[in-house]
Every structure is written in structure tokens, then in C-alpha cells.
Trainee: 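Here you go, one structure.
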Amino acid sequence: MDHRTFLKSLRKEDRLRLTETSDRAGLSHLAGHLAVIACLGGLVATEVPGWPVLMVPLGIAVIFLFTLQHETCHLTPFRSPWLNRWVSAFCGAVILLPPVWFRFFHMAHHRHTHDPDKDPELEGAKPETLRDWVWHVSGARVWISQVRTILRNAAGGCRDPYIPKGKQTAVQREAVLMIVLYAGIAAASLWAGSTLALWLWIVPLLLGQPFLRLYLLAEHGRCPHVADMFQNTRTTFTNRLVRFFAWNMPFHAEHHAWPTVPFHRLPELHLLVRAHLKSTSNGYVEFNRDYLGDMQR
């Protein structure tokens with residue numbers, strides 16, 4: 001059974017239940033995520049013994065706000081539209097990813113999932129050699145790309161085909177605001193002689209990015225270029241901690257098959273589709289081990 005056949009088989013009451021969004025579920029999960037960031041950030045800021053090591057889990061918690069920003073593209077983490085918009089803007093500012101621009105980028109990815117000619121996610125080719133894999137996982141490529149995107153968009157040079165002409169102004173405006181924000185943070189830090197932004201934000205982001213790259217590589221890496229979401233997208237079986245910080249996105253085939261299902265309903269959807277999944281992996285360590293093994297054959 002492919003994903004379209006599965007969706008057609010669902011009863012109306014199941015559709016309504018599984019697509020019901022909730023401010024309470026979203027805010028509760030967000031509070032937990034931010035509490036971890038605040039706790040780790042407080043320990044780093046007060047320089048407890050071993051605080052440099054704590055920048056790694058802090059960076060992981062911060063960079064995985066990407067998964068929340070990704071969810072806000074679908075307006076599903078919260079019932080209130082304004083909450084989705086503001087949380088998306090917050091996450092985008094933290095991880096240097098313009099929210100309006102990224103929403104259209106991501107919608108194009110969903111329309112053309114794993115289509116080598118149309119999926120914008122495939123523009124940055126998946127690593128095919130060990131050297132490429134190391135460069136990819138380092139995160140250097142994505143940081144360069146995101147900074148270039150912000151600068152290009154701010155200059156009014158965005159020509160991406162998935163950005164509607166009517167949204168060009170909004171894309172430019174958000175990029176300008178992000179540059180102003182970052183310049184303000186830099187100026188305030190220099191004026192105050194503070195390095196907090198460096199140790200609580202910039203360095204943790206750099207340290208956390210490789211973990212996000214390893215996670216994201218599993219979503220579609222080595223999946224076939226077909227239309228069936230149960231084949232072209234991978235669900236990765238993992239522990240509750242990873243699912244928590246990734247907002248249940250390891251259930252990724254489920255998400256692509258039915259993007260309007262909010263994060264807190266994905267485990268329930270998974271139980272319904274598990275027997276039909278064709279691309280799965282038993283954890284991120286296993287996936288990346290197999291990925292590296294395939295490159296050496």
C-alpha cells in the first residue's frame with residue numbers, strides 16, 4: 001500500500017482526530033524544550049566545573065529548534081496561527097534561517113519530495129565520498145548557504161522559483177530585520193565587553209550543527225526517487241529523548257505522507273502505517289554506519 005491508498009482508507013473521524021492541533025500540546029512541549037536550553041545556558045553562563053563540555057548538549061538543544069521551525073511551516077505545532085508565526089520567527093532568528101523564505105522552500109520540498117529535478121533540498125548534493133560526508137556533517141556548507149541567503153535576500157536578489165512574486169518584499173524585509181538584529185547583538189556585546197553571545201549561542205550552534213546534519217541525512221538519504229512517501233522518506237526508530245528534541249520528526253515518512261498531522265499525533269499515526277513503511281532504520285547510528293559502509297563499496 002502506498003501513502004495515497006492509505007490516506008483514502010481512513011475514516012472521517014480518524015482524519016479529524018489525527019489532524020487536530022492544540023496550543024496546549026505545543027506550548028507544553030515548547031516550554032520543556034526551552035527549559036532545557038535555559039538550564040544548560042545557565043550552567044554555562046555561571047561557568048560551573050566542566051562548563052565547556054556543556055556547550056555540546058546546549059548546542060544540540062538550540063540547533064534542534066530547526067525541527068520546530070520546520071513544523072511551523074505547516075502551521076501544526078499550535079492551533080493559533082499567530083503562535084505558529086511568532087515561534088517560527090523566533091526559531092529562525094536563533095538558527096539563522098529566514099522563516100518566510102524557508103516556509104516556501106520547505107513547501108516546495110513537500111510538493112516534490114526527493115524529485116532530483118524539482119526538490120530544492122537536493123540542490124546541495126548528498127555526500128557520496130568520505131570527504132564529502134565529513135564536509136557535510138561539519139555544517140560548514142549549511143552555514144555558508146544560510147548567510148549567503150540572508151545577504152542575498154536583504155539585497156533584493158532572491159530569484160528562487162518557489163518564492164511567489166508577491167512575497168519577495170516580505171522575504172527581503174525579514175532578511176534586513178535579521179541583519180539588524182544580529183548587528184545589534186554584536187554592537188551590544190562589544191559595548192558591554194560581554195562574551196555571553198559567543199559562549200551561549202554562536203559556539204553552541206557550531207557544535208550542535210553536526211548532530212542536526214546526521215539527523216537530517218537520515219530523512220531521505222539513500223531513499224529511492226519515487227512518488228510514494230512510504231519509500232522516498234525514512235522513518236527512524238529512536239529513543240524518546242531524540243523524539244522530544246526533534247518534535248517527533250523521526251516519524252518522517254508519516255509526516256510526509258500526511259503533513260497536516262501535528263507533531264503530538266504522529267506516534268498515533270505511526271501505529272497505523274508502520275506495516276506499510278518501506279524505508280526505515282533502527283537508529284541514527286545504524287543509518288550513518290550503513291551510509292558510510294555503502295560509500296566504501
Side-chain angles (χ1 to χ4, degrees), residues 33 36-37 40 53-73 91-99 101-102 105-106 108-110 113-114 116 119-150 201-223 232-239 241-253 255-256 279-296:
H33 197 146
V36 173
I37 292 174
L40 290 170
V53 177
L54 294 178
M55 286 193 292
V56 175
L58 172 60
I60 293 171
V62 173
I63 200 65
F64 266 79
L65 287 173
F66 168 85
T67 54
L68 171 56
Q69 186 182 13
H70 152 271
E71 271 293 270
T72 61
C73 292
C91 293
V94 171
I95 64 174
L96 279 70
L97 189 59
W101 175 87
F102 179 67
F105 172 95
H106 187 66
H109 163 62
H110 268 269
T113 301
H114 220 47
D119 187 345
E121 275 201 5
L122 297 180
E123 290 177 5
K126 303 297 183 184
E128 297 296 336
T129 67
L130 180 59
R131 182 178 180 179
D132 287 344
W133 184 87
V134 171
W135 176 246
H136 178 88
V137 171
S138 74
R141 177 183 291 152
V142 74
W143 289 125
I144 293 170
S145 175
Q146 287 178 200
V147 170
R148 283 178 175 173
T149 296
I150 293 171
W201 179 36
I202 298 174
V203 173
L205 278 181
L206 296 175
L207 294 173
Q209 184 69 257
F211 294 90
L212 181 62
R213 292 301 104 196
L214 291 170
Y215 162 83
L216 291 175
L217 192 58
E219 291 184 342
H220 303 283
R222 293 294 192 266
C223 289
N232 66 24
T233 305
R234 178 177 288 98
T235 283
T236 304
F237 305 121
T238 186
N239 58 62
L241 187 63
V242 174
R243 289 199 300 270
F244 173 80
F245 285 111
W247 288 69
N248 278 333
M249 283 301 110
F251 296 124
H252 210 61
H255 167 69
H256 266 264
S279 295
T280 62
S281 186
N282 291 316
Y284 293 95
V285 172
E286 177 185 284
F287 167 78
N288 282 281
R289 184 185 65 227
D290 292 345
Y291 194 103
L292 288 168
D294 288 344
M295 288 194 306
Q296 296 170 5

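Every heavy atom of this structure was used, including side-chain atoms; hydrogens, water molecules and symmetry mates were not.
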Trainee: Any idea how His106 and His256 line up, ring-wise: parallel (<30°), tilted (30 to 60°), or perpendicular (>60°)?
Mentor: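 Rings of His106 and His256: perpendicular, as their planes differ by over 60°.
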
Trainee: Partners of Glu128 by salt bridge (Lys or Arg N to Asp or Glu O under 4.0 Å), sequence neighbours excluded?
Mentor: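 Counting only residues at least two positions away or on another chain, Glu128 forms a salt bridge (Lys or Arg N to Asp or Glu O under 4.0 Å) with Arg222.
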
Trainee: Can you name the side chain to side chain donor-acceptor pair (under 3.5 Å) partners of Gln69, sequence neighbours left out?
Mentor: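 Residues passing side chain to side chain donor-acceptor pair (under 3.5 Å) with Gln69: none at all.
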
Trainee: How many angstroms lie between atom CZ of Phe64 and atom CD of Gln209, to the nearest 0.5 angstrom?
Mentor: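 Phe64 atom CZ to Gln209 atom CD measures 9.5 Å (nearest 0.5 Å).
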
Trainee: In the structure I gave you, are the side-chain heavy atoms of Ser279 and Asn232 within less than 4.5 Å of one another anywhere?
Mentor: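 A side-chain contact is absent here, since even the closest heavy-atom pair is not under 4.5 Å.
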
Trainee: Apply side chain to side chain donor-acceptor pair (under 3.5 Å) to Asp119 and list each qualifying residue two or more places apart in sequence or on a separate chain.
Mentor: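 By the side chain to side chain donor-acceptor pair (under 3.5 Å) rule, Asp119 matches His109.
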
Trainee: What residue among Phe66, Phe287, Tyr284 forms ring pair (Phe, Tyr, Trp, His ring centres under 6.0 Å) with Tyr215?
Mentor: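 The ring pair (Phe, Tyr, Trp, His ring centres under 6.0 Å) with Tyr215 is passed solely by Tyr284 among Phe66, Phe287, Tyr284.
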
Trainee: Which heavy atom of Ile37 sits nearest to which heavy atom of Leu58, and what is that distance?
Mentor: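 Smallest interatomic distance, heavy atoms only, reads O-CD1, 3.6 Å.
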
Trainee: Which distance, rounded to the nearest 0.5 Å, do you find between the CG of Leu65 and the CG of Leu212?
Mentor: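 Rounded to the nearest 0.5 Å, the CG-CG separation comes out at 10.5 Å.
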
Trainee: Looking only at the aromatic ring of each residue, does the gap between the centers of His70 and His255 stay below 6.0 angstrom?
Mentor: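 For His255 and His70, the ring centres are under 6.0 Å apart.
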
Trainee: Looking only at heavy atoms, what is the nearest atom pair of Tyr291 and Gly221, with distance?
Mentor: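 That would be CE1-CA, 4.4 Å.
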
Trainee: Nearest 0.5 Å please: distance from the CE atom of Met55 over to the CG atom of Leu205.
Mentor: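 Taking CE in Met55 and CG in Leu205, the distance rounds to 12.0 Å.
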
Trainee: Nearest 0.5 angstrom please: Asp290 CG to Asn282 CG, how far?
Mentor: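 One gets 9.5 Å once the value is rounded to the nearest 0.5 Å.
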
Trainee: Give the table of side-chain donor-acceptor pairs shorter than 3.5 Å for residues 242-249, with sequence neighbours excluded, one pair per line with atom names and distance.
Mentor:
| residue | atom | partner | partner atom | Å |
| --- | --- | --- | --- | --- |
| Arg243 | NH1 | Thr238 | O | 2.6 |
| Trp247 | NE1 | His33 | ND1 | 3.1 |
| Asn248 | ND2 | Phe263 | O | 2.9 |

Trainee: Going by side chain to side chain donor-acceptor pair (under 3.5 Å), name the residues that satisfy it together with Thr233, two or more places apart in sequence or in a different chain.
Mentor: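 With sequence neighbours excluded, Thr233 shows a side chain to side chain donor-acceptor pair (under 3.5 Å) to His220, given in chain and number order.
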
Trainee: Got Thr149 and Phe102 here, is their nearest side-chain heavy-atom distance under 4.5 Å?
Mentor: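 A side-chain contact under 4.5 Å is absent here.
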
Trainee: Test side chain to side chain contact (heavy atoms under 4.5 Å, CB included) on His252 and Arg234 and set out the steps.
Mentor: CA-CA 6 Å; His252 210 61; Arg234 178 177 288 98; over 6 Å; no

Trainee: What do the steps show when you test Trp133 against Leu292 for side chain to side chain contact (heavy atoms under 4.5 Å, CB included), and what is the final call?
Mentor: CA-CA 8 Å; Trp133 184 87; Leu292 288 168; 3.6 Å; yes

Trainee: State whether the side chain of Gln146 and the backbone N or O of Leu96 hold a donor-acceptor pair below 3.5 Å, judged by distance alone.
Mentor: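 Such a contact is found between Gln146 side chain and Leu96 backbone.
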
Trainee: Any donor-acceptor pair under 3.5 Å linking the side chain of Trp201 with the backbone of Val94?
Mentor: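 Answer holds: yes.
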
Trainee: Heavy atoms, side chains only, cut-off 4.5 Å: are Pro127 and Trp135 in contact?
Mentor: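 Side chain of Pro127 against side chain of Trp135, heavy atoms only: no contact under 4.5 Å found.
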
Trainee: Are Thr280 and Thr236 side-chain neighbours, meaning at least one heavy-atom pair lies under 4.5 Å?
Mentor: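 No, too far: nothing below the 4.5 Å cut-off.
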
Trainee: What residues form a side chain to side chain donor-acceptor pair (under 3.5 Å) with Asp132, not counting sequence neighbours?
Mentor: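 Asp132 satisfies side chain to side chain donor-acceptor pair (under 3.5 Å) with Thr129 once adjacent residues are dropped.
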
Trainee: Mind checking the OG1-CD spacing from Thr113 to Glu219? Nearest 0.5 Å is all I need.
Mentor: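 Reported to 0.5 Å precision, the distance equals 10.5 Å.
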
Trainee: Roughly how far, to the nearest 0.5 Å, is CD of Glu71 from CG of Leu68?
Mentor: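 It is 8.0 Å, given to the nearest 0.5 Å.
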
